[in-house]
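These values consider heavy atoms only, across backbone and side chains, with no hydrogens, waters or symmetry-generated copies. Along the sequence shown, residues are numbered consecutively beginning with 1.
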Amino acid sequence: MKKKLLALICALALVFSLVGCTISAPDAVGSIGDFEITSGMYLLAQYGAYQQAAQLAGTDQDTTDVKAFLKETITTDSDSGETAVVSDYVAQKTQETLETLAAVDARFKALGGELTAEQLSTADRYAQQMMDQYGDTYTANGIGLETVKAYERLQVEHTALLDMVYGPDGETPVEDDELTSHLDDSMYEICYISIPLYNTSTYAFADDDQKAEMLKLAQAAADSVNAAGGETVSDQVSALHEAAQNALPDIYAVLDGKTSDDSASVQTELLTESDVASAFTQDGAADALRSLSYGEAAAVQINGSTLLLMVRVDPLSVSSLDDLRSQILSDMKGGELDDALAAGGAELAHDLDSSAMNKLPAKKIVNNSANS
């Protein structure tokens, strides 16, 4: 369950519409401040921008017909109804991404940052994994291993900036009591068992009456966890596991299903408010989680296909504050940092070689499998 700033690699992995596409651009692109923009980095940003546009496309728009889609209009903000021509949107998002990457690098260096050998190795290793998995698509779009390495190193810089700005020794450190307050108020550590609202053999979905029956049985299991009154997280998880083992056969039987060896396995996850909003989409599900006290169990249908039997636990009973610091800072200050970097990138942009950039936005996108 997981940032808007450096999500291009994820966007590139969504190759549902542009497999086999080729995007071309001049070899010399320019620079933003002291950040040199290679052709590959431009292509990476442009391709990611196109993928963002594709995700905003209407059901009647064919994103594989690149030439035609670039001329179409998409809704970029569902709340305001704001629209944009795809080619303009791609050009704007491409430039914004490049400006932000430039700001990441500039801010990291201004604060005296220097990647360690271990960080470089980690970034390069992940880049190679991405090429191993998506190399054909990257290559078809003019994106090579060195570009992906450079991009992954910028991701490491961005992650490091959170601590360099907001960490204990940062420019504007966030105090421990502020972190703890945010953890208590806006983050949710849950131990849970996921129960599918469908037969796992036939994939027949539960109807409303069956869902209600499964939820009733799961809530009875949650009530038994609460009655056990476990003092520690270990006690609470043990009670949850035992309750699930007892209840799951009857819950699965509602759909003529059978449990497997791992059906009662307990998973643990620390969720943010954005995680909750995106995953707990059933009416009332998110509020049901938010209302739980530490140690309290409940059964909640989180969406149309999943029921959770869960107990909310105190994150600081599972991990230390230092262990959670980066995750809390990311949720608490990540948006603020991204906004500052976007603004900083825009300020740096006056140093951009505008004559080179004028040649670039969506210059040529060819889909080998579609009309172009």
Original post:
So, for Y47 and Y138, is the gap between ring centers shorter than 6.0 Å?
Top reply: no
Heavy-atom closest contact ([X] atom, [Y] atom, distance):
X	Y	result
C191	V237	SG-CG2, 3.6 Å
Y294	P315	OH-CD, 3.7 Å
A123	V156	CB-CG2, 3.9 Å
V225	A243	CG2-CB, 3.7 Å
R312	L292	NH1-O, 2.9 Å
S263	L248	O-CD1, 3.5 Å

Determine whether [X] and [Y] fall in the same hydrophobic cluster, where Ile, Leu, Val, Met, Phe, Trp and Tyr are linked whenever their side-chain heavy atoms lie under 4.5 Å apart.
X	Y	answer
L154	L43	yes
L307	F205	no
I302	M214	no
I195	Y198	no

Measure the [atom1]-[atom2] distance between [X] and [Y] for me, rounded to the nearest 0.5 Å.
X	Y	atom1	atom2	result
D34	D105	CG	CG	9.0 Å
L271	R290	CG	CZ	11.0 Å
M332	T272	CE	OG1	14.0 Å
Y42	I143	OH	CD1	11.5 Å
L197	T306	CG	OG1	6.5 Å
D163	L329	CG	CG	7.0 Å

Got a donor-acceptor contact below 3.5 angstrom from the [X] side chain to the [Y] backbone?
X	Y	result
S224	A221	yes
Q61	T73	yes
S319	L316	no
Q46	T94	no
Q92	Y89	no
N199	A204	no
T122	E118	yes
T75	S78	no
T116	Q119	yes
T259	P249	no

**OP:** Under the side-chain hydrogen bond (donor to acceptor under 3.5 Å, both in side chains) rule, what do D132 and Q128 come out as? Steps first, then yes or no, please.
**Re:** CA-CA 6 Å; D132 291 343; Q128 184 61 63; 2.9 Å; yes
**OP:** Take L321 and I328 through the side-chain contact (heavy atoms from CB on, under 4.5 Å) test and state the conclusion after the steps.
**Re:** CA-CA 9 Å; L321 185 62; I328 304 171; 3.8 Å; yes
Is the shortest side-chain heavy-atom distance between [X] and [Y] below 4.5 Å?
X	Y	result
L101	Y151	yes
M130	L145	no
L324	M187	no
F280	L308	yes
K258	Y252	no
S330	L162	yes

Original post:
Is E152 salt-bridged to K149, cutoff N-O under 4.0 Å?
Top reply: no
Do other residues, nucleotides or ligands put more than 12 heavy atoms under 6.0 Å from [X] [atom1]?
X	atom1	answer
E242	CD	no
D262	CG	yes
D322	CG	yes
E273	CD	yes

**OP:** Show the numbers, then the answer: is there a side-chain contact (heavy atoms from CB on, under 4.5 Å) between L337 and K333?
**Re:** CA-CA 6 Å; L337 177 62; K333 291 293 188 178; 5.7 Å; no
Original post:
For Q95 and E99, what are the C-alpha separation, side-chain angles and deciding distance, and is it a side-chain hydrogen bond (donor to acceptor under 3.5 Å, both in side chains)?
Top reply: CA-CA 6 Å; Q95 179 158 328; E99 289 173 358; 3.0 Å; yes
Subject >> Stepwise side-chain contact (heavy atoms from CB on, under 4.5 Å) check, Y188 with D275 >> reply: CA-CA 10 Å; Y188 309 89; D275 293 331; over 6 Å; no
**OP:** Measure the acute angle between the ring planes of Y50 and F69, then classify it against the limits of 30° and 60° as parallel, tilted or perpendicular.
**Re:** perpendicular
Subject >> D223/Q219 under side-chain hydrogen bond (donor to acceptor under 3.5 Å, both in side chains): CA gap, chis, key distance, verdict >> reply: CA-CA 6 Å; D223 292 341; Q219 185 56 53; 3.0 Å; yes
Sequence neighbours excluded and cut-off under 3.5 Å, please list the side-chain donor-acceptor pairs for residues 168-179, or say none.
unit_1 : atom_1 : unit_2 : atom_2 : d
E171   : OE1    : R107   : NH2    : 2.4
T172   : OG1    : V165   : O      : 3.4
D176   : OD1    : R325   : NH1    : 3.1
D176   : OD1    : R325   : NH2    : 3.3
E178   : OE2    : E175   : N      : 3.1

Original post:
What residues form a side chain to side chain contact (heavy atoms under 4.5 Å, CB included) with D250, not counting sequence neighbours?
Top reply: L217
**OP:** Kindly determine whether D338 and H158 satisfy side-chain contact (heavy atoms from CB on, under 4.5 Å), including the steps that lead there.
**Re:** CA-CA 9 Å; D338 289 351; H158 173 254; 3.0 Å; yes
Original post:
Between Y126 and Q155, is a side-chain hydrogen bond (donor to acceptor under 3.5 Å, both in side chains) present by the stated rule, with each step listed?
Top reply: CA-CA 11 Å; Y126 185 68; Q155 279 196 312; over 6 Å; no
